[in-house]
> 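Sharing a structure here in structure tokens format.
Order of listing sets the numbers, starting from 1, for every ligand and every atom in it. All residue numbers refer to positions in the sequence shown, counting from 1.
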Amino acid sequence: MKSVEEYFVPWVKGIPMYVSGHIDLAWKQPELHRMMSNENPNPPSKKVLEAIEKYAKIANRYPDQGFKVREKIAEINGLPGIENVMLGNGSSEVFDNIFRCLLEPGDEVIQHTPCFGIYKLRCNILGGKLVSVPMIYKDKQLLFDADAIIKAITPKTKIIVIANPNNPTGNFIDKKDFIKVAETGVPLISDEAYIEFAGLSKSNVDLVKKYKNVIITRTLSKCYGLAGLRFGYALGDKDVIAQISAALIPWNVGTISMWAALTAFEDTQALQERADFNNQQIEYYEQELKDIKGLDIYHSYGNYILFDGTDAGKTGKDALDFALKRGYIMRAQSPMYGRDGWFRITIGSADENKMAVKIIRDFFAQ
Ligand SMILES: Cc1ncc(COP(=O)(O)O)c(C=O)c1O
């Protein structure tokens, strides 16, 4: 008799469950300040809370396929209609859906590093091969490298994913470079998780009308501040959306989430306030920390900032340990480009940011 292990497909064998240690720690110790997962420090708006309560009362009912909210999303993005919009339980599920429709074991996914970890996770579980193309490190900047991405394409490449703006580097790819990659015809995802902080005018969504291979992904976890609700979506050509929607798990987005999401889209003032607050706080960090010798600050269009303290002789790991001792969870960034001083922080509340500035200043003063 075969052992049960032998029944598993070879490419999932031994892959552990994804565990977000820092998030688990923050829930276990709620007194810690969560400056590590690019959450929004502001709670949901009053209108969103009312929608949550209203639909919680009919949680005995199954949701529909999200007609109203998809219509709203299409309208906001200048697309014809619901046929251009697919909903997901967070954008993480949207990636999973797209990847399942495009990847066979052995197929390749190109990502531009450093970047968000979900692409790797979804690729691995499907037996795909992850191809990481590094950004260019030059003059203390991290730059997108469209030519290197294009060079990495092989007959097995099924997906290219570029976060715009990128996490953790915080910058946007030039539109002309994005178009250069789109022109290869390979399915190209523009991960726009943070786009609302800079505004939708920076989006690549206009390109889905011209390039059928371009898919936009979005989430309500960041600027809208609804990470715990789990709501994301994909935008694309109607044929592409129809095909990837075939892999949807029925009722993947719950009634409460989709109606809360609709309210959040309608509550444009709450969104603007969150974007404005965040962008002011980014400036605040830059102003308060710019005189620290040897600390490189990467300007961010998201709700996080990447720092590099290598030239001050500091390591990112020591920065994290120092902050944690003071009750602040910041985020590690592994050594890259021969430098080990990287760390990232998420914008917190005004008080948290003041304290984080103090912690960083104290750390570099020792
Ligand atoms: C670049 C990027 N994309 C997507 C996500 C995932 O967001 P969610 O699954 O909450 O929609 C994140 C979360 O940190 C991210 O940084």
Side-chain angles (χ1 to χ4, degrees), residues 18-24 26-27 34-41 44 66 69 73 85-99 109-123 125 130 132 135 142 144 159-173 178 188-198 202-205 215-235 248-249 252-254 257-258 260-261 264-265 274 278 298 300-306 329-333 344-348:
Y18 174 70
V19 173
S20 205
H22 42 267
I23 294 182
D24 289 350
W27 279 101
R34 311 167 66 122
M35 306 193 71
M36 70 304 176
S37 294
N38 301 348
E39 297 162 333
N40 197 310
V69 70
I73 293 169
V85 184
M86 183 190 80
L87 303 184
N89 191 357
S91 62
S92 295
E93 193 191 51
V94 171
F95 294 120
D96 184 59
N97 234 40
I98 299 171
F99 279 34
V109 175
I110 297 177
Q111 65 172 10
H112 209 26
T113 50
C115 66
F116 182 50
I118 196 90
Y119 324 130
K120 177 180 179 180
L121 294 173
R122 300 337 297 162
C123 174
I125 205 71
L130 189 76
S132 293
M135 296 176 84
L142 285 158
F144 290 88
I159 298 168
I160 300 170
V161 57
I162 297 175
N164 202 41
N166 188 33
N167 170 16
T169 59
N171 50 341
F172 281 105
I173 185 171
F178 186 86
L188 170 59
I189 302 174
S190 184
D191 175 356
E192 299 185 352
Y194 300 94
I195 198 83
E196 295 87 0
F197 291 110
K202 300 287 279 180
S203 170
N204 287 316
V205 68
I215 304 171
I216 311 293
T217 59
R218 301 260 183 84
T219 179
L220 264 64
S221 300
K222 308 300 178 184
C223 197
Y224 284 97
L226 297 169
L229 207 65
R230 310 306 300 136
F231 186 96
Y233 58 97
L235 303 169
L248 278 175
I249 302 213
N252 63 327
V253 175
S257 307
M258 64 170 67
F265 289 126
R274 283 161 177 72
N278 179 75
Y298 285 76
S300 177
Y301 292 95
N303 65 341
Y304 46 86
I305 304 177
L306 179 67
I329 314 176
M330 296 181 181
R331 186 64 171 268
Q333 173 63 53
R344 192 195 75 194
I345 64 162
T346 298
I347 304 304

> Could you tell me if Asn38 and Tyr194 have a donor-acceptor pair between their side chains, going purely by distance under 3.5 Å?
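Checked: Tyr194/Asn38 side chains pair up, N/O donor to acceptor below 3.5 Å.
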> Around atom OH of Tyr301, are there more than 12 heavy atoms from other residues, nucleotides or ligands closer than 6.0 Å?
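Count not over threshold, so no.
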> With sequence neighbours left out, what residues match Arg230 under salt bridge (Lys or Arg N to Asp or Glu O under 4.0 Å)?
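Per chain and number, Arg230 pairs via salt bridge (Lys or Arg N to Asp or Glu O under 4.0 Å) with no residue.
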> Give one line per pair: atom of ligand 1, protein atom, distance. Only N/O to N/O under 3.5 Å.
{"from": "ligand 1", "atom 1": "3 (N)", "to": "Asp191", "atom 2": "OD1", "distance (Å)": "3.3"}
{"from": "ligand 1", "atom 1": "3 (N)", "to": "Asp191", "atom 2": "OD2", "distance (Å)": "2.6"}
{"from": "ligand 1", "atom 1": "7 (O)", "to": "Ser91", "atom 2": "OG", "distance (Å)": "3.3"}
{"from": "ligand 1", "atom 1": "9 (O)", "to": "Ser91", "atom 2": "N", "distance (Å)": "3.4"}
{"from": "ligand 1", "atom 1": "9 (O)", "to": "Ser92", "atom 2": "N", "distance (Å)": "3.0"}
{"from": "ligand 1", "atom 1": "9 (O)", "to": "Ser92", "atom 2": "OG", "distance (Å)": "2.6"}
{"from": "ligand 1", "atom 1": "9 (O)", "to": "Arg230", "atom 2": "NH2", "distance (Å)": "2.8"}
{"from": "ligand 1", "atom 1": "10 (O)", "to": "Ser221", "atom 2": "OG", "distance (Å)": "2.6"}
{"from": "ligand 1", "atom 1": "10 (O)", "to": "Arg230", "atom 2": "NH1", "distance (Å)": "2.8"}
{"from": "ligand 1", "atom 1": "10 (O)", "to": "Arg230", "atom 2": "NH2", "distance (Å)": "3.4"}
{"from": "ligand 1", "atom 1": "11 (O)", "to": "Ser91", "atom 2": "N", "distance (Å)": "2.6"}
{"from": "ligand 1", "atom 1": "11 (O)", "to": "Ser91", "atom 2": "OG", "distance (Å)": "2.8"}
{"from": "ligand 1", "atom 1": "11 (O)", "to": "Thr219", "atom 2": "OG1", "distance (Å)": "2.5"}
{"from": "ligand 1", "atom 1": "14 (O)", "to": "Tyr194", "atom 2": "OH", "distance (Å)": "3.3"}
{"from": "ligand 1", "atom 1": "14 (O)", "to": "Lys222", "atom 2": "NZ", "distance (Å)": "2.8"}
{"from": "ligand 1", "atom 1": "16 (O)", "to": "Asn167", "atom 2": "ND2", "distance (Å)": "2.7"}
{"from": "ligand 1", "atom 1": "16 (O)", "to": "Tyr194", "atom 2": "OH", "distance (Å)": "2.6"}

> List in chain and number order the residues that pass side chain to side chain donor-acceptor pair (under 3.5 Å) with Thr217, two or more places apart in sequence or in another chain; answer none if no residue qualifies.
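Thr217 satisfies side chain to side chain donor-acceptor pair (under 3.5 Å) with no other residue.
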> Measuring from atom OH of Tyr304 to atom OG1 of Thr346, what distance do you get when rounded to the nearest 0.5 angstrom?
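Tyr304 atom OH to Thr346 atom OG1 measures 9.5 Å (nearest 0.5 Å).
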> Not counting sequence neighbours, which residues clear side chain to side chain donor-acceptor pair (under 3.5 Å) with Asn164? List them please.
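If we apply the side chain to side chain donor-acceptor pair (under 3.5 Å) test to Asn164, skipping adjacent residues, there are no hits.
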